[in-house]
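All of these numbers come straight from a predicted model, not from anything done at the bench. Numbered from 1 within each chain, the chains take letters A, B, ... in sequence-line order.
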Amino acid sequence: MRNLYLKLSLQSMKKNRAMFVPYILFGAVMFALLYVVGALAQDSYVASIEGGSNLQEILILGNPIIAISSVIFIAYISSFVLKRQKKEFGLYRILGMERKHLVRVVIIENVLAAIASILIGIVIGVSLEKVAQLSLLKIMNKEADMGFEISTIQLISDILIFSVVYCIIILKNIKDIVFSSALDYMNESRTGEKRPKANWVGAILGLLFTGTGYVMSMKCENSAGALNIFFFAVILVIIGTYFLFISASVGFLQIMKSNKKYYYKINNFISISGMTYRMKRNGAGLASICILSTMVLVIMSSATTLYTSMYDVLDEQFPYDFSIALQMPADATMSGDEFVTSYMEDNGIEVGDVKSYRTTDALSLINENGYIDPIVGYDPNAYVVTIVSLDDYNMFNDSSIELGDNQVGLYSLDIKEDLEQVSFTGDNAFEVVNLDSDSKMIKGDTLTVCSGYVTLVFENPEDIVRVQNSILASREDGSNPFSNNYDACVFYALDSSSEPKTQRDFSDRVFNSRMANPEGYNAPCTIALAGGSQSALLFDITSRASFEFSYLGVFDGLFFLGILLCTAFIVITVLIMYFKQLLEGYEDAGNYLIMRKVGLDVKTIKKTVFTQIVTVFFLPLIVAGIHNAFAYPMISNLLKTFGISDTSKFFYVLVASIVIFAIAYGIIFFFTGRKYYRIVRESAEGSEASL
Amino acid sequence: MSMLDVKNVKKIYTTRFAGAKISALSNVSFTVEEGEYVAIMGESGSGKTTLLNIIATLVKPTDGQVILDGKHLDSMKEKELAIFRREKLGFVFQEFNLLNNFSVKDNIFLPLVLSGKKYNEMNERIKPIAQKLGIDDLLEKYPYEISGGQKQRVAAARAIITKPSIVLADEPTGALDSKSTDELLKMFRGINEDGQTILMVTHSVKAASSANRVLFIKDGIVYHQLYRASMSQDDFYRVISDSLTALTSEGGDNKGGDNK
């Protein structure tokens, strides 16, 4: 008996290979992607390269995303497969098989499919991991790793995850079989066919959810706001999209139908009625395609923007290789510039010109009157305010801007109001002169999730000291919101010709010694020249090279994760499209002949049906485009978190992504559509021959 | 001039794999006059459905001519044929062939919409027909919501709403219970009495006995024909039944009976 079931299952799988082969391959590809992400996140060679550990932290984020999408979409696609088999099962039932026998057939089929998926997945995954690792190293401009490793732990955990996924699917299929009668199966294509009714509540909810998500994104003004609303807005739009595709689409068609003059025209008549049923059948599938396409576009455009902007961001934040904040003792025998040069050379760093300047910054709240209130702690509505003197500004920018008494130069991309004056606690108010460019100095690690960045340029350095002192005096608890006291230390900016690695090792050494400082990392510590001829108090040291490596890890990691996720989402989209077209083909085949008999010529039938299919499959793409247009403000603000202040690049990348994706989508549609035509043609020819 | 003139029609199918030739119609000739109600009888495989499909222009004959309402069907192109089908022919099929994604009303309107008729005109035309066929209260329903007999009446309404030259019915009672069959046949007679030419293919003696003339097809040729003349339906039923018995018993020693 057991052999009979196995035979039946194998026969059924062979007969329905148009469903089973893509289903098995889909499982395999998802398995492979999950393995690639997990294995790369643990790859010892990747961990050993500069920035590698930052990159792996990012990659690990991809694991749950791919695992969850695997569960959802493998279950979704297996429901197509089962649906297609139901007629056959009905026949088995009528021929005398019991439910438990059918359950056995379904279990065997699913277990076979699962094993096939996982085995193929392991092969693809292991080979793809190597390819992925090599391309990752290429992206990061690192030497190729000639070794080969298989992460057994990752394999085992992925096999476990997928076993759970397939168990859930088997249980779901068994439930389906247990709860339906033989006749249900035979009449599967007829049952469930309910008159399409516009669900106005759903339609309104869809508009409401999507609209709210859109408005939230449109109102988004800064990175803190974007981060706060991002997930909420995304979920609203996802729910809204499902409602729109399922309810609003049918409602819209019903409205068109109620206009008799418009409706009773050949093309409209056939298209509207056909579309009503197509949307009713495919609403959820199309909404999924739409959401996946939106995600692909968002990920593709933002990851590419990040990847290509990395050095721009780095150059903007770190125009010099080092910035060192020092306080020379009063009895110093040499100038600060000389001390810095000697100190760096002691540490094996070749230095060029040294520029000295003073600066300070503080996270501050700014109200609409320009009142600036530095804060201690964190507030997402605050701005990072950097203060410099006019002389230093002109030195860095090679400019000769002049300011009058009581004037302050202001540069900010983020403050929306046109401030006429800025004021601080006490009697410190200044007239604002807007500047065209930011002070081109190292700002260091000021990238935070906040409202934005403001640079203030004071004509007279004494004003800065006065303002800072009056702010500090106003604080009864003695807290200090400033990064440093303006007059206490001098900053030295310098370029180095040493290898980036040497620069980074030096900065790591300083970092480690400061970490070991018993008074805390931020406490000033004493550094001395070799031989102890001179010492100074070190406040801070910022190295471009060390940031470069961590940026490299983060940006390249995001880009690479983006590629993997896009691949996963595109694979899912292709599969849904393929199965939808297949099922549409079976549905349409019967209607073709009837329409011919009633007097429609083949050309008209083909034309209207083709229009419907194109509309059905390009609607998600169009909606995805609209979603992206509305998501633009939110995402461009999110990108500011990564230091991308000029979002015009993101705009162009987004437009290019949409164009490229639309072309790819068209190609996918064309290839999956051929399957549709083959089904329709074959069954039409079949019926003609039987006439 | 006859409404329909079928002259020496032959149809030979070639099977797709073996390439063997199967003759469905050997040589069929007959005419149907305007206002006639003709039934074509024969066992399954006798070629009667092939004949109907040739008249319906869905299948081209291998040889011979079909002239309908003065038009030679073999000289028309696919597009002309489509127009011809929807303007000159009305169809009633065994499987109803209603489109599930249209309401009953829209199914009946389908051929009119194809001819570009205005909504008001269509609405005027449907009223008397729906009343006559007793489907007024079904118009807003969908095909999957009504019974088989009702579906067949809807199909009949769709067939006659274009005021066709001839209604072609293929086993119209094949999928109906006896009550629905009686109703449908009564309705066919009614339509015929209003002047509609009907050509019906059937193997049901009951259905055939509602016609005015019965043609018997066997082994691809017209074998025999009967006129109703002044007979009652019951008498005609008996005559048809007797002829059929004679026909099938003779069939035992008839050669070439392998074209099923």
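- Listed in order of number, the residues of residues 159-168 of chain B that approach chain A to under 4.5 Å between heavy atoms amount to none.
- The heavy-atom pair separating A:Ser247 from A:Ala203 by the smallest distance is CB-N, 3.5 Å.
- Ion pairing between B:Glu121 and B:Arg125 holds under the 4.0 Å rule for side-chain N and carboxylate O.
- B:Asp177 is linked by a side chain to side chain contact (heavy atoms under 4.5 Å, CB included) to B:Lys179, B:Ser180, counting only residues two or more places apart in sequence or in another chain.
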Before giving the answer on ring pair (Phe, Tyr, Trp, His ring centres under 6.0 Å), spell out for B:Tyr142 and B:Phe102 the whole-Å C-alpha distance, their side-chain angles and the decisive distance to 0.1 Å. CA-CA 7 Å; B:Tyr142 279 80; B:Phe102 288 110; 9.0 Å; no
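- With sequence neighbours excluded, the residues forming a side chain to side chain contact (heavy atoms under 4.5 Å, CB included) with A:Val250 are A:Pro196, A:Gln254, A:Thr276, A:Met279, listed by chain and number.
- Contacts between B:Leu98 and chain A at a heavy-atom distance below 4.5 Å involve the backbone alone (N, CA, C, O).
- In this structure, A:Phe618 has its ring center closer than 6.0 angstrom to the ring center of A:Tyr665.
- Only the backbone of A:Lys265 comes within contact range of chain B, with heavy atoms under 4.5 Å apart.
- Among the candidates B:Leu99, B:Asp106, B:Asn120, the residue making the largest number of heavy-atom pairs closer than 4.5 Å to chain A is B:Asp106.
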Hey, can you pull the donor-acceptor pairs under 3.5 Å for the side chains in residues 89-97 of chain B, sequence neighbours left out?
none

